[in-house]
Every structure is written in structure tokens, then in C-alpha cells.
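Letters A, B, ... mirror the listed sequences (proteins, then strands); counts begin at 1.
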Protein chains: 2
Amino acid sequence: MKPAQITQWYGCPTRYAAGIFGDKWCFLILRDVLLLGRRTYSDFLNAPEGISTNILANRLAKLEEAKMLDRQTDPRKASRVCYFPTRKARDVLPALLSMMVWSTLYDEGTEAPASFAEAYRSDPNKTLAWYEAEIDRVDAEILGSAR
Amino acid sequence: MKPAQITQWYGCPTRYAAGIFGDKWCFLILRDVLLLGRRTYSDFLNAPEGISTNILANRLAKLEEAKMLDRQTDPRKASRVCYFPTRKARDVLPALLSMMVWSTLYDEGTEAPASFAEAYRSDPNKTLAWYEAEIDRVDAEILGSAR
DNA sequence: ATATCCACTTGCAAAATGAAAGAGGATTTG
DNA sequence: CAAATCCTCTTTCATTTTGCAAGTGGATAT
């Protein structure tokens, strides 16, 4: 019934994680930023899930306050805003990819190729590095146009 | 701006995961079952987070329908009910442990020892096997008392 | 036989969400 | 230069979800 001494501290780390992941929209915004290269308000707003604009504003503020997103005006166009993933958000990638692997196993309607789960299992660091590079590339493409 | 060909299918696996993890209470019930050895309605109800009873009933039904929990009457006492984690739920462990590692990195008030993150990083399979064994132990302790 | 335990259900007030319209500044267009 | 448009939000209001408290009904303990 009681799993040994672990009981004392197990609760907390998941509770902290639940504070951010335990919300559908935060979860999907993180996906947008980490995996889909979305950065601007309208990018998020036009995602196929159809978040409504007041909720989006609310969640972006929450994620910014949690230091997951870094809000900056877009150097390409000052009326636009970009939300960049912080290191704290990037470090969510392993968990996010693990969840994706799980989904590909149990969602019979998954769009992900079987090779994805296999690749992540065989060499997670390689997969991880690839995604980090993609994030760098997207950010650099935006910020690089500043000068 | 557009991360190559990945865009087509990336959305889906995370959306599927968001359907279950993107809810604070489902998330915490899974933690209870997978990490804290909780199995009965009152176990969940008495967790320190304080879920209210109607929400708990609703989420247990949802998780049962999603085939994450297996509802059975308790062999120790027929008026009691046990919710056992299915294989599908157990397979969430890698993602859950990854999230815990992330939490220990960024939650300055974490109760988890630093050794946890280190242990999981150095040998995830060992950590994973340990948790699976704990789950087996809890389940066997309940079901074993049947005969 | 009565009280208690246990897994829920119900009713209701408060909070969160979703849809739609609008505000206000920057940018493009004519 | 003026008008229209783009873009990030804000506001309003109806609907849905949540949380709290009390209640139900069957099994179990006394």
C-alpha cells in the first residue's frame, strides 16, 4: 500500500509539472513553440485547435510569467510580437518527446510514422539535438533579420 | 518559419497526449496510481491536493474509458473499488519521470533529492524497472489476498 | 438492528471558457 | 498624407465547468 520512503517527496515534482502541463492550452502552445516553429500571437491563434483569443492572451501571460516564454517585439515588424522558448521550455523536450512516443503507441489514428518512436528510442540524444537545432534555426531566422 | 516536412504530423501525437495530460486532475490521478500506490476512491479523494468528489468520479470514468485504469471491486472488501493502472498507463512512466526530472531542475522548492534526476539520467531503464516492480507489488498485495 | 464505511450523485453558487465585437497602435496602400 | 489593414490584445456576455456541501444506497462492522 505504501511505497516505502518515496512517498514523502514524490508528490511535489509532478504537482509542479501539473501546474503547467495540466492545462490543455499551455500544453499545445508549448508544442507549437518547441516543435512547430510557431512564434507569434497569430501563429498560435491560427493553429487548427482553434484557441480563442482571450484564452490565448491569458496563457501566453501565464507562460511568460512561468519563464517558459520570452516575449519580444518582432525585429521584422515592430507591431508584431514573438514568443521565444526559454531554456526552461527547451528542457521540456525530453518529456514532450516521450509523450509523443506514448501517443504513437496508443493512438490508433496517429499521424506519426512508426520510425519516429524507434528513432527516439534508439538514440534520444540525437533526436533531441535535432529539435534543438530546429528551434535555434527558427529563432535565428527571426532575430538574424534585425541587423 | 516552417520547420520542413515535420509540420504535417507533429501536431497529432501531442494533441492526443494533451487529451489526457492536459487536465490537472487526470494528471494527478495518474501520479497517484503510478507513483504513490493509491488505488481506491478514498485514496484519491484524500490526496493532499483536495479533489472534490464529483470531479473525481468524472475523471475516474474518463480514465477508465480511455483504458488507463482498470476498475475492479476490491477482493479484500466487496464494497470497495480498486482502480489499477493498465499497461497503457504504465507506459506513461517514462514521460512522467522525464517531467519529474524537469521539475527538480526548475522548481526551487522541490522535495525531490538531486540524486533522483541523476539516477534517472544515468540509467533510465533501471529506474523504470524499479517503478514497475513497485506497481506490481502494490497490485499483487491487493489481488493476492483474493485466494 | 443500528451505525458506519464507501463509492458515488445531486443541487447550486462561483469561476473558467468560448464566441464575437472592439480598441488602439503600427504598417501598408493609394 | 489619408484611409484601410494588420496585429496584439481587451471587453462583454452566454455557456460550460468547477468546487462545495449535502444526500443516496448498498455493504460492512458493532
Rounded to the nearest angstrom, tell me the gap between atom OH in A/Tyr41 and atom P in D/dC6.
17 Å
Roughly how many Å is it from CG in A/Asn54 to P in C/dG18, rounded to a whole number?
8 Å
Spacing of A/Leu128 atom CG and A/Asp91 atom CG [to the nearest 0.5 Å]:
9.0 Å
Testing the 3.5 Å rule here: is there a donor-acceptor pair between the side chains of B/Tyr41 and B/Thr53?
yes
Given C/dT17, D/dC7, D/dC9, identify the nucleotide with an atom nearest to the side chain of A/Arg59.
C/dT17
Sugar-phosphate only, base, or nothing, as touched by B/Ser52 at under 4.0 Å among non-hydrogen atoms:
base
Assign each of A/Ala78 and B/Thr53 to its nearest nucleotide of DNA chain C by heavy atoms, then name whichever residue's nucleotide is nearer the 5' end.
B/Thr53
Using a cut-off of strictly less than 4.0 Å, decide whether A/Trp25 has a side-chain nitrogen or oxygen near OP1 or OP2 of C/dA16.
no
Give a yes/no answer on whether the side chain of B/Lys77 brings an N or O atom under 4.0 Å of OP1 or OP2 in C/dC6.
yes
May I have the distance from A/Leu56 (atom CG) to C/dG18 (atom P), rounded to whole angstrom?
12 Å
Rounded to whole angstrom units, what separation is found between the CZ atom of B/Arg71 and the P atom of C/dC8?
5 Å
Between CD1 on residue A/Ile20 and CZ on residue A/Arg59, distance to nearest 0.5 Å:
12.0 Å
B/Ile51 atom CD1 is separated from D/dA21 atom C1', nearest whole Å, by 16 Å
Measure the acute angle between the ring planes of B/Phe21 and A/Trp102, then classify it against the limits of 30° and 60° as parallel, tilted or perpendicular.
perpendicular
How would you label the contact of B/Ser42 with the nucleic acid (heavy atoms, under 4.0 Å): base, sugar-phosphate, or nothing?
sugar-phosphate
Atom CD1 of B/Ile55 to atom C1' of C/dA16: distance rounded to whole Å?
12 Å
Aromatic ring proximity A/Trp130/A/Tyr120, centre distance under 6.0 Å
no
What is the distance, to the nearest angstrom, from the CZ atom on B/Arg80 to the P atom on C/dC5?
12 Å
Quick one: A/Asp23 CG to C/dA15 C1', roughly how many Å, whole number?
14 Å
NA contact type, A/Tyr83, heavy-atom cut-off 4.0 Å: base, sugar-phosphate, or nothing?
sugar-phosphate
By nearest nucleotide on DNA chain C, pick out whichever of A/Asn58 and B/Asn58 is the more 5' one.
B/Asn58
